[in-house]
Amino acid sequence: MTPEELSATIAVCIEEGIAAGEIALTNEDVVEVRVERPKVREHGDWATNVAMQLAKKAGLGPRAFAEIVAKRLLTVDGIDAADVAGPGFLNIRLAAGAAGELARSIVEEGEDYGRGESFQGVHVNVEFVSANPTGPIHLGGTRWAAVGDSLSRLLEFHGATVTREYYFNDHGVQIDKFAESLLAAILGEDAPEGGYGGDYVLEIADRVLQDAMEVGEDDPLELPRDEAQEYFRVRGVHLMFDQIKESLHDFGVDFDVYFHEDSLHKSGKVERALDHLKDSGALYESEGAWWLRSTEYGDEKDRVVIKSDGTAAYIAGDIAYIRDKRERGAQLCIYLLGADHHGYIARLKAGAAALGYNPDSVEVIIGQMVNLVKDGAPVRMSKRAGDVVTMEDLVDVVGVDAARYALTRSSADATLDVDLDLLASATNANPVFYVQYAHARTAGVARNAAEYGIRKEDGFDATLLTHVSETALLGILSEFPRIVAQAVEYREQHRVARYLERLAAAFNQWYDRTRVTPQGDEQITDLNRTRLWLNDATGQVLRNGLALLGVAAPERM
RNA sequence: GCCCUCGUAGCUCAGUUGGAUAGAGCACCGGACUUCUAAUCCGAUGGUCGCAGGUUCGAAUCCUGCCGGGGGCACCA
């Protein structure tokens, strides 16, 4: 019996109590029954606090309410015990077979186990990273790459069609500084004020020059300075962006759309969006400018969309962009932004509302910063000095799996300290290895079982899974669909990672106390076969969970 | 000054959206390998959940006010 089935069963018991006149409620009062795993094992397999939630309204004491439900639960097949405890908790113990059946159903469902439907048929646009191509992806961007891709995978697992999108621009102040820096680097000058340093600048500049020579173009350095800079801007941005895409690809993140900010302006989409807003009265005119009512969404002040000189403010592009995303089919637009962008939330929501969309269709996830720790001290990162830790640096030191896992196992809205020494050296201090090792173990057990000639299809008897470490493992396996559903609902991928760590621990404990393969000259029995089902079920869930984080599930380590 | 966010064990972090005795990993201490991988397992130590009030059967969780860290407050992009 899964927790979902148990939850539904309890609801039925309450409704029966209502029908029998023992509970003075209507069926509409019956809230969704939440079952949870008690922290203390002796309390049973599952517990619910529904009696405490409903007792008051029913005019009963919580314990009396719980007794009425317990009495009926006991008559249900697959439930061994239902006890009332404490202030009104209902502790439930499932029959051994009822829990054990799960091992088989997980293996049969395979990579679909845990799948959900909460986003079935919904088109979601997830925009993340979106760094302008003025340098390699740094640590912060790496975090959004890992988190954004994992959230996308979670949404897809719940039925969504996800567009992974990267928004960028190759014009503007920062890009000009980048172009200036390229030119300065190749000429052996110091980086300009507010420009970019670091080896990569010279590398890119060199490549631009080499490429020009190879195709027999005139030396761009012979051009007038402003033309040379423009030349380096176009070619340099292109090279830089290719490098970024390659880094992301090597990191396991591929975007469906790289959206060019300029295209909004050039195609007239900004203008059309602004006309639309003026016509619909979504903006108001004041002091010669057109304003967006962003204060209605928590902004400190309303924002100018069309400046008094008639030109579009930056935010106009954002609004046109929302409209473009929606017109391309997105029903939900999720933005992953750094903490320095939190002021954008109100503006984006106000923009969506002005366009006539539900402001809830724009969702902004604000992520906190990543700090790097080395030798017990924070590593100072300075962009000016080129002393920036990049995605490639991190991957070089710890590998893609450890990097992605470290960045996804914590909530995005907590600042994160990444300890390079720890990730690189002390392997057992690194949870990703613990989880991957558990998976490799399931694969190893399966290999050994095959050698012994143990075949799953020869037998399965759920009632044999009675060891305390087995019921614990089964309980955790049964939680996976709900953990995934919560991770999707709250957009919190780290729940999956934390769950996998619990699952790996439960598996290791089981592995330590029981055996799948026979010892000595023992005969192969259904117990061996049934445990192989459980072993394979665990491997399946570890694989499914790691896939949601974009982390490999190795067969051997 | 205002806004956002975080504050939980020595360190890094969870805490099932208000539930039972607040957890894990690391570090430290003590145990367990002739048998499916010891990258593991078992045990011990370690807490005024930043502080003070409030809400209720019940608060790490919700509300208010302080304190501390981080970020943000343009007719810039």
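Note on naming: letters A, B, ... go to the chains in the order of the sequence lines (proteins, then strands), and numbering restarts at 1 for each one. Because only heavy atoms are used, hydrogens play no part in the values below, and waters and symmetry mates are left out as well, while side chains stay in.
- Remark: ring of Tyr434(A) does not overlap the six-membered base ring of G25(B) in a stacked fashion, as centroids less than 5.5 Å apart with planes less than 30° apart are not both met.
- Taking atom CD of residue Gln53(A) and atom C1' of nucleotide G58(B), one finds them 13 Å apart after rounding to whole Å.
- When the nucleotides A20(B), U37(B), U5(B) are ranked by their closest atom to the side chain of Ala85(A), A20(B) comes out on top.
- When the side-chain nitrogen and oxygen atoms of Lys307(A) are compared with OP1 and OP2 of C76(B), one or more of them lie within a distance under 4.0 Å.
- Side chain of Arg482(A), nearest nucleotide from G71(B), U16(B), G15(B): U16(B).
- In this model, the phosphate group of A38(B) is approached by a side-chain N or O of Tyr511(A) to a distance below 4.0 Å at OP1 or OP2.
- Taking the side chain of Ala414(A) as heavy atoms from C-beta on, and the options A20(B), A14(B), G71(B), the nearest nucleotide is A14(B).
- The side chain of Gln509(A) places an N or O atom within less than 4.0 Å of a non-bridging phosphate oxygen (OP1 or OP2) of C42(B).
- In terms of phosphate contacts, Arg513(A) brings a side-chain nitrogen or oxygen within less than 4.0 Å of OP1 or OP2 of C42(B).
- In this structure, the CD atom of Glu555(A) is 18 Å from the P atom of A39(B), given to the nearest Å.
- Applying the 3.5 Å distance criterion, the base of U35(B) shares a donor-acceptor pair with the side chain of Gln519(A).
- Base engagement by Arg556(A) is indicated by at least one non-hydrogen atom pair under 4.0 Å involving a base atom.
- Contacts of His171(A) with the nucleic acid, taken as non-hydrogen atoms under 4.0 Å apart, are absent.
- The environment of Glu522(A) atom CD is dense: over 12 non-hydrogen atoms of other residues, nucleotides or ligands sit within 6.0 angstrom.
- In terms of polar N and O atoms assigned as donor or acceptor, the side chain of Tyr437(A) never comes within less than 3.5 Å of the base of U40(B) in a complementary pairing.
- Listed candidates were C75(B), U37(B), G72(B). Nearest to the side chain of Glu287(A) is C75(B).
- At the heavy-atom level, Ser411(A) lies under 4.0 Å from the strands shown only through sugar-phosphate atoms.
- Here the nucleotide nearest the side chain of Ser308(A), chosen from U16(B), G72(B), C75(B), is C75(B).
- Between His342(A) and the phosphate of C73(B), there is no side-chain N or O to OP1/OP2 separation shorter than 4.0 Å.
- Using a 4.0 Å heavy-atom cutoff across all strands shown, Leu416(A) reaches sugar-phosphate atoms only and no base atom.
- Of the side-chain N and O atoms in Asn508(A), one or more sit less than 4.0 angstrom from OP1 or OP2 of C41(B).
- Residue-level contact check: Ser410(A) touches the backbone only, with heavy atoms under 4.0 Å from sugar-phosphate atoms and none from bases.
- The interatomic distance linking Arg441(A) (CZ) with A39(B) (P) rounds to 8 Å, in whole Å.
- Screening Tyr258(A), Phe128(A), Trp144(A), Phe259(A) for a ring-ring contact (aromatic ring centres under 6.0 Å, His included) with Tyr166(A), the sole residue that qualifies is Tyr258(A).
- Residue-to-nucleotide contacts include a donor-acceptor pair under 3.5 Å from the side chain of Tyr344(A) to the base of A77(B).
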